[in-house]
Amino acid sequence: MTCLRMIAILPVLLLAACASTDMTGYEKFYKADKDVAGSAVGTQPAAPARIQESLDVNKDSQRLRAKGYAVLGESEFIGPLEGDEGILKQAQKVHATLVLKSVQFYKTQPKFKKVYQSDDGITYIPEVAPREEQAASADGADAAAEAAADEPRYVTEDLYLHKVVFLAGGA
């Protein structure tokens with residue numbers, strides 16, 4: 001009987017896990033401003049939020065507060081580049097009219113592909129480029145480069161620091 005219950009619950013858990021992967025970093029790491037949390041800050045704007053690039057979102061948001069904007073909240077995280085669609089989706093959710101955005105390169109790291117879990121803990125395995133790509137990079141090269149082609153070439157990914165402030169109102 002217990003096995004049957006677990007089998008019945010498994011598809012629900014899998015669907016929930018798949019659904020949560022659609023969440024962007026802007027949604028996942030959103031924190032409402034403590035001054036506006038729980039209060040209604042207007043209705044849904046007629047037009048999509050305007051996204052403005054910023055070198056210093058904290059300084060720019062203070063300047064905009066003085067002009068009548070209310071800071072609704074912010075998102076800050078380190079991850080791969082994400083498109084503006086995620087920002088606009090979160091802006092619509094919180095009724096923002098203006099979004100300050102800062103995205104700066106953070107670092108390059110190996111991309112991890114497989115995760116194994118055992119009694120000893122979790123093991124992450126770096127992703128290796130396919131053999132065809134490794135061989136193609138050594139074509140026409142000298143003997144030293146061909147010898148290096150035998151070594152696995154790991155796939156890397158660039159990570160960025162995303163800082164976004166969501167605002168509403170304005171003069």
### Message
Within the 4.5 Å heavy-atom criterion, are V164 and S102 side-chain neighbours or not?
### Response
no
### Task
Please identify each residue that fulfils ring-ring contact (aromatic ring centres under 6.0 Å, His included) with F77, with sequence neighbours left out.
Y26, F29, H162
### Query
Do you know which two heavy atoms are closest between P80 and L159, and how far apart they sit?
N-CD2, 3.9 Å
### Message
Would you compute the distance between atom CG of D158 and atom CD of Q109 and round it to the nearest 0.5 angstrom?
### Response
9.5 Å
### Summary
Rounding to 0.5 Å, atoms OG (S75) and NZ (K31) come to a distance of 9.5 Å
### Query
Cluster question for you: counting only ILVMFWY and a side-chain heavy-atom cut-off of under 4.5 Å, with indirect links fine, are L161 and I51 together?
no
### Task
Tell me, please, which residues at least two apart from Q52 pass side-chain contact (heavy atoms from CB on, under 4.5 Å).
R50, R63, L98, L100
### Query
Quick one: do I87 and V103 end up in the same hydrophobic cluster if we chain Ile, Leu, Val, Met, Phe, Trp and Tyr together by side-chain heavy atoms under 4.5 Å apart?
yes
### Message
Please report the interatomic distance CD(Q62) to NZ(K67), rounded to the nearest 0.5 Å.
### Response
13.5 Å
### Results of ring-ring contact (aromatic ring centres under 6.0 Å, His included) for F166 - residues two or more places apart only
Y30
### Query
Between A168 and L72, what is the shortest heavy-atom contact and its length?
CB-CD1, 3.8 Å
### Task
Not counting sequence neighbours, which residues clear side-chain contact (heavy atoms from CB on, under 4.5 Å) with K93? List them please.
E27, Q90
### For L55, the rest of its hydrophobic cluster, which grows through side-chain links under 4.5 angstrom
none
### Task
Looking only at non-hydrogen atoms, find the nearest pair between V99 and A49 and report the distance.
CG2-CB, 4.0 Å
#### Entry: Exam field: side chain E82 to backbone T24, donor-acceptor pair closer than 3.5 Å
no
### Query
Between K163 and N58, is any pair of side-chain heavy atoms under 4.5 Å apart?
yes
### Task
For residues D84 and K101, determine if any side-chain heavy atom of one lies less than 4.5 Å from a side-chain heavy atom of the other.
yes
### Message
Taking the ring of Y160 and the ring of Y106, is the distance between their centroids below 6.0 Å?
### Response
no
### Query
Partners of K28 by salt bridge (charged side-chain N to carboxylate O under 4.0 Å, His left out), sequence neighbours excluded?
none
### Message
Under a 4.0 Å threshold between the charged nitrogen and the carboxylate oxygen, would K89 count as salt-bridged to D22?
### Response
no
